[in-house]
2 protein chains.
Amino acid sequence: MRITTWTEYSLIISIHLAKRGRRGASPVAARELAEVERLPADYVEQILLRLRRAGIVESVRGAKGGYFLAREPGLITVRDVMAASEHQTFEMNCDTHPVDADRCSPSSACAIRPVWQGLQRRIDDFLGSVPLTELLRDEPGPELVPLTSSPASS
Amino acid sequence: MRITTWTEYSLIISIHLAKRGRRGASPVAARELAEVERLPADYVEQILLRLRRAGIVESVRGAKGGYFLAREPGLITVRDVMAASEHQTFEMNCDTHPVDADRCSPSSACAIRPVWQGLQRRIDDFLGSVPLTELLRDEPGPELVPLTSSPASS
DNA sequence: CGCACCCCGACAAGACTGGTCGGAATTCCA
DNA sequence: TGGAATTCCGACCAGTCTTGTCGGGGTGCG
Ligand code: FES
Ligand code: FES
């Protein structure tokens with residue numbers, strides 16, 4: 001289970017846009033953003049496309065155009081960004097990749113499904129609790145304290 | 001972000017073994033297990049290999065041989081099974097797929113990394129809190145209540 | 001008009017997932 | 001002693017997903 005570059009780059013891009021001005025200032029060109037963040041330009045464009053379609057950013061076309069955040073950074077969470085770039089945060093495999101039509105049908109009482117549902121909830125709750133503003137400062141912030149040690153149960 | 005069949009099948013297999021007797025009883029052959037659970041036989045063998053190497057199950061070789069759980073089902077968590085079948089629960093992408101050597105180096109204070117560390121902790125804590133015994137009964141159990149509604153923050 | 005920029009679908013190399021196969025080693029049993 | 005059953009293990013392979021790239025079209029500024 002891992003995070004892909006879609007989400008990783010999306011966050012970098014969102015943070016970048018959050019640091020550059022708001023609606024009033026001039027929008028940031030995709031090319032320029034990619035250059036200063038050292039990311040592949042064409043790829044960044046693809047990502048911005050997804051972010052725009054999800055309503056995370058807005059765009060201005062034509063010369064002198066570019067992108068800017070659609071909302072206040074405090075109102076955008078990591079969950080929003082991840083859901084925009086991939087198309088979900090946690091894919092319920094029993095829905096999208098059912099191991100067996102019988103076993104995974106909603107009617108059958110599979111004992112495993114509640115585990116994934118519980119996991120999905122924890123993931124969504126956590127990612128939904130981290131707004132972009134949390135990623136703008138240098139100090140980790142209270143929500144993200146490492147809380148040292150959580151060793152394996154074996 | 002999703003669960004693969006490695007973990008899914010591993011859980012099915014572990015639950016199956018938990019339901020069949022303990023050390024005293026005769027071990028379960030991989031072939032037989034695969035047949036009753038309707039899983040690809042050769043694949044099940046691969047998975048049992050991983051589970052054995054991780055110490056989740058033990059095996060008896062030769063005719064009449066097979067597999068059985070190495071520990072009490074109450075002492076094996078979903079996290080253990082997942083870590084055995086994949087080789088982790090949550091892959092820290094900034095370690096294994098660093099976006100940029102500079103940006104992801106442990107010395108640089110990246111604002112995003114604490115988010116993934118926090119996420120990893122939540123995932124591990126949750127999966128580590130669900131023992132196999134929780135998956136043997138028909139009722140979901142207190143830990144896994146759906147807690148209806150957790151709508152998007154947008 | 002020409003340039004800068006966004007928009008969008010198609011394509012492609014490499015990695016990963018989900019298995020399959022062939023054969024060696026071990027143990028039981030007739 | 002000779003199968004037969006079974007675990008052990010690495011190699012292989014087809015399909016999908018990831019991580020981009022490319023080419024062209026639309027749009028607005030100067
Ligand atoms: S295996 Fe898919 S719902 Fe349980
Ligand atoms: S992008 Fe890898 S550590 Fe932040």
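Here is the naming used below: chain letters follow the sequence lines, and residue numbers restart at 1 for every chain. Atom set for the values below is all heavy atoms of this structure, side chains included, hydrogens, waters and symmetry mates excluded.
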query: Is there a side chain to side chain contact (heavy atoms under 4.5 Å, CB included) between A:V57 and A:I13 once you walk through the steps?
result: CA-CA 10 Å; A:V57 306; A:I13 290 168; 5.8 Å; no
- request: Check the pair A:T77 / A:D80 against side chain to side chain contact (heavy atoms under 4.5 Å, CB included), numbers first and verdict last.
  value: CA-CA 5 Å; A:T77 68; A:D80 296 329; 3.1 Å; yes
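Rounded to a whole Å, the CZ atom of B:R31 is 16 Å from the P atom of D:dC8. One atom, CD of A:E8, and another, C1' of D:dG20, lie 16 Å apart when rounded to the nearest Å. To the nearest angstrom, P of D:dT7 lies 11 Å from CG of B:L17. Summarising the geometry, the separation between NE2 on B:H97 and C1' on D:dT18 is reported as 10 Å, rounded to the nearest angstrom. Rounded to whole Å, the distance from OH on B:Y43 to P on D:dG10 is 17 Å. The separation between B:E32 atom CD and D:dT7 atom C1' is 15 Å, rounded to whole Å. Counting to the nearest Å, the P atom of D:dC17 and the CD atom of A:E86 are 13 Å from each other.
Checked against D:dT21, D:dG25, D:dT7, the side chain of B:S59 finds its nearest nucleotide in D:dT7.
By the 4.0 Å N-to-carboxylate-O rule, A:E8 lies too far from B:R103 to be salt-bridged with it. With salt bridges taken as basic N to acidic carboxylate O contacts below 4.0 Å, none links A:E86 and B:R2.
B:M82 and B:L49 are members of different hydrophobic clusters when ILVMFWY side chains are connected at heavy-atom separations under 4.5 Å. Under the 4.5 Å side-chain heavy-atom criterion for ILVMFWY residues, a single connected hydrophobic cluster contains both B:V44 and A:V99.
From the 5' end on, the contacts that DNA chain C makes with chain A at under 4.0 Å to a non-hydrogen atom open and close at C:dA4 to C:dG9.
Within 4.0 Å of A:V28, counting heavy atoms only, lie sugar-phosphate atoms of the nucleic acid but no base atom.
Using a 4.0 Å cut-off, no side-chain N or O of A:T4 falls inside it from OP1 or OP2 of D:dT18.
Annotation: side chain of B:D100 is not in contact with side chain of A:L39 (no heavy-atom distance under 4.5 Å). Taking 4.5 Å as the limit, some side-chain heavy atom of A:L136 sits within range of a side-chain heavy atom of A:I15.
Mapping A:D42 and A:A63 onto DNA chain D via the closest heavy atom, the residue that lands nearer the 5' end is A:D42.
Relative ring orientation between B:W6 and B:Y43 is described as perpendicular, the plane-to-plane angle rising above 60° on a 0-90° scale split at 30° and 60°.
Annotation: proximity of residues 45-54 of chain B to DNA chain C (heavy atom, distance under 4.0 Å) is found for B:Q46, numbered in ascending order.
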